[in-house]
Amino acid sequence: MNIAVVGTGYVGLVTGVCLSEIGHSVTCVDIDEEKVHRMSKGISPIYEPGLDELMTKNIESGRLRFTTNHSNAFQSADAIYIAVGTPEKEDGSANLSFVEQVALDIANHIAGNVVVVTKSTVPVGTNDWIKEVIESSKVNDIRVDVVSNPEFLREGAAIYDSFHGDRIVVGADNPDAANIIEEINKPFGIPVFKTDIRSAEMIKYAANAFLATKISFINEISNLCEKVEANVEDVARGMGLDNRIGSQFLNAGIGYGGSCFPKDTKALVQIAGEAEYDFQLLKGVIEVNKKQQKMILDKLNARFGSLKGKRIAVLGLAFKPNTDDMREAASIPVTNYLIEKGAEVIAYDPVAMENAKRILNPKVQYAANTVEALNGADVALILTEWSDFNNLSIEEIKTNLKKPIIFDGRNCFNIEVMKESDIEYHSMGRPTVNEQKQYA
């Protein structure tokens with residue numbers, strides 16, 4: 001089919017590229033001319049493993065194009081995907097101004113019957129509103145159906161998820177429109193779950209809120225484990241063996257970040273408030289996550305008393321590995337705090353440093369690699385679980401750190417290995433090993 005995708009962020013670009021890979025003719029639309037020019041050459045504006053290769057392959061095959069011209073993109077489209085951002089407002093609600101603009105562009109430029117597919121994460125009722133905007137503004141007497149088709153892509157694994165997802169959710173009031181979207185997605189070979197539009201909108205928020213809840217829950221258990229001398233990894237493993245619970249999202253650490261969980265949890269609380277419902281559990285999840293990012297700083301303060309003059313190697317700046325996304329990354333408040341307390345911060349991330357330089361405190365210094373970051377530092381602080389850090393040898397750590405002390409916010413290292421290493425090792429929800437107070 002002929003498909004237009006409006007918006008070329010994580011969701012839009014991955015969606016467009018993967019739809020072209022399964023055989024559709026896809027035109028991606030963005031208002032940024034320079035960005036469109038670069039993408040037309042196969043240069044992705046985001047870091048996502050495997051994306052550049054698929055872009056180049058499908059551009060060369062003629063199935064994937066990029067443009068700033070809505071009219072050309074919509075002219076013969078069977079389906080138009082809305083995949084623009086819905087950033088968070090100050091009150092936690094979703095900003096729908098970009099979605100509204102796309103709806104108006106569709107109304108002004110479509111020339112034939114079309115299915116509008118909302119990929120953007122939007123509050124319940126938004127798709128009905130999108131249809132109203134298009135119907136009240138369209139310049140041609142044609143049929144427009146609106147379908148909710150939320151995405152469930154993990155940054156850093158979005159290509160894999162596109163082809164190996166658990167389900168594809170399609171919310172529609174018109175069965176024929178739902179069938180068209182099912183047909184578009186059929187080559188993926190992923191089960192399609194059909195429901196009404198509002199339930200589909202809620203599924204997206206509910207899924208992210210539940211995963212965020214699991215993260216905050218295990219982090220609370222982690223904090224309790226430290227007080228009662230239990231090991232959160234063993235606790236999580238024992239919990240996860242119960243099929244009713246499962247093992248995913250039970251990794252203790254310094255909380256969640258990124259573009260989805262923080263924004264979507266707040267938005268769902270706002271949606272509940274507008275429906276006059278007090279979502280107390282989710283409010284607690286959000287507060288726990290805010291607190292969790294400070295836990296590793298509390299550990300540092302308890303260990304050293306003062307951080308003034310300490311040279312601290314910060315390993316990992318992106319909110320998670322395999323992405324350059326700095327949105328809601330723990331590195332932002334953590335590095336701000338360290339500098340405020342007079343510490344010298346030397347940071348390294350395998351992918352996200354250019355983005356970090358635009359966001360972090362200008363006093364943050366940057367290393368060319370992990371070893372350079374460690375060299376001469378008083379302590380290493382791990383904020384992102386990149387494999388580069390997981391694979392650090394004991395010898396590299398001991399040779400380069402001024403004092404062999406690690407504070408691991410992501411539990412990258414095996415606790416038994418660290419016991420035998422003579423490295424002073426602090427982690428989350430597990431016993432501290434080899435603590436030596438002479439390292440002041």
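What you see is a predicted model, and the numbers here were worked out from it, not measured in a lab.
Of the candidates K310, K402, R311, D378 forms a salt bridge (Lys or Arg N to Asp or Glu O under 4.0 Å) with just one, namely K402. Among the candidates N108, D105, T27, the single residue satisfying the side-chain contact (heavy atoms from CB on, under 4.5 Å) test with H70 is D105. For the side-chain hydrogen bond (donor to acceptor under 3.5 Å, both in side chains) criterion with W386, the lone passing option out of T370, N322, D349, N391 is D349. Of the options N251, I254, I382, V232, a side-chain contact (heavy atoms from CB on, under 4.5 Å) to N411 is made by V232 and by none of the others.
For I31, the CD1 atom counts as loosely surrounded, since its 6.0 Å shell holds 12 or fewer non-hydrogen atoms of other residues, nucleotides or ligands. For Y366, the OH atom sits in a packed shell: over 12 heavy atoms of surrounding residues, nucleotides or ligands are nearer than 6.0 Å. Other residues, nucleotides and ligands contribute at most 12 non-hydrogen atoms within 6.0 Å of the CZ atom of F217. The neighbour count for K398 NZ, taken as heavy atoms of other residues, nucleotides or ligands under 6.0 Å away, is above 12. Annotation for F163: atom CZ counts as buried by contact number, over 12 foreign heavy atoms lying within 6.0 Å. Residue K294 qualifies as open at atom NZ: its count of foreign heavy atoms under 6.0 Å is 12 or below.
For the pair R303 and F407, the cation does not sit on the ring face, since its NZ or CZ is not both under 6.0 Å from the ring centre and inside 45° of the axis.
Here the NE2 atom belonging to H37 is positioned 8.0 Å from the OG atom belonging to S40, to the nearest 0.5 angstrom. With rounding to the nearest 0.5 Å, the separation of CD in E233 from CG in N231 is 5.5 Å. The structure places CG of L315 at 10.0 Å from CD1 of I346, a figure rounded to the nearest 0.5 Å. The distance from atom NZ of K89 to atom NZ of K263, rounded to the nearest 0.5 Å, is 12.5 Å. Residue L338 holds its CG atom at 6.5 Å from CG of L381, rounded to the nearest 0.5 Å. The distance from the OG1 atom of T213 to the CZ atom of F249 is 11.5 Å, given to the nearest 0.5 Å.
A73 and V29 get closest at one heavy-atom pair: CB-CG2, 3.4 Å. Taking all atoms of both residues into account, the shortest heavy-atom contact from I415 to R430 is N-NH1, 3.8 Å. When all heavy atoms of T121 and T86 are compared, the closest pair comes out as O-OG1, 2.9 Å. V364 and A347 get closest at one heavy-atom pair: CG1-CB, 3.9 Å. Shortest non-hydrogen contact noted between M428 and A252 is O-CB, 4.3 Å. Contact record, F188 with S162: CD2-O, 3.3 Å, taken as the closest heavy-atom pair.
Checked for salt-bridge contact, R198 and E201 miss the test: no charged N lies under 4.0 Å from a carboxylate O. Ionic pairing of K266 and D91 is not present here: no N-O contact between side-chain nitrogen and carboxylate oxygen is shorter than 4.0 angstrom.
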Mind running side chain to side chain contact (heavy atoms under 4.5 Å, CB included) on L401 and I406 for me, showing each step along the way?
-> CA-CA 9 Å; L401 277 173; I406 291 179; 4.3 Å; yes
Applying salt bridge (charged side-chain N to carboxylate O under 4.0 Å, His left out), run through E287 and K290 and close with a yes or a no.
-> CA-CA 5 Å; E287 288 306 310; K290 287 179 182 177; 3.5 Å; yes
Residue pair L360, M326: steps toward the side chain to side chain contact (heavy atoms under 4.5 Å, CB included) verdict = CA-CA 10 Å; L360 299 185; M326 289 291 297; 4.0 Å; yes
Could you go step by step and tell me if E340 and K363 meet the salt bridge (charged side-chain N to carboxylate O under 4.0 Å, His left out) rule?
-> CA-CA 10 Å; E340 179 186 319; K363 291 184 179 179; over 6 Å; no
Start with the C-alpha gap between V117 and I80, add the side-chain angles, then the distance that decides, and say whether side chain to side chain contact (heavy atoms under 4.5 Å, CB included) holds.
-> CA-CA 6 Å; V117 187; I80 301 172; over 6 Å; no
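Between the side chains of K119 and N149, at least one donor N or O sits under 3.5 Å from an acceptor N or O. For the residue pair Y81 / T118, no side-chain donor-acceptor distance below 3.5 Å is found, with atom types taken as modelled. Defined by atom type and a distance below 3.5 Å, a donor-acceptor pair is missing between the side-chain atoms of T384 and K320. Side-chain atoms of T335 and N361 form no donor-acceptor pair, as typed in the model, at a separation below 3.5 Å. Residues N95 and S97 bring a donor and an acceptor atom of their side chains to less than 3.5 Å of each other. Looking at D408 and S427, their side chains never bring a donor and an acceptor atom within 3.5 Å of each other. Under 3.5 Å, the side chains of N58 and E21 contain a donor-acceptor pair of N or O atoms.
Put simply, the side chain of N375 never gets that close to the backbone of V371: no donor and acceptor are under 3.5 Å apart. In this structure, the side chain of Q292 engages the main chain of G253 through a donor-acceptor pair within 3.5 Å. Side chain of S120 to main chain of V122: no donor-acceptor pair is present (N/O by atom type, distance under 3.5 Å, no hydrogens or angles).
Legend: residues meeting ring-ring contact (aromatic ring centres under 6.0 Å, His included) with F261, ordered by chain and number and at least two apart, are Y256.
Counting only residues at least two apart or on different chains, the salt bridge (charged side-chain N to carboxylate O under 4.0 Å, His left out) pairs with a member in residues 149-159 are E151-K204, R154-D161, E155-R327.
Taking the six-membered ring where tryptophan is involved, the planes of Y160 and H164 are essentially parallel, since the angle between them stays under 30° and well short of 60°.
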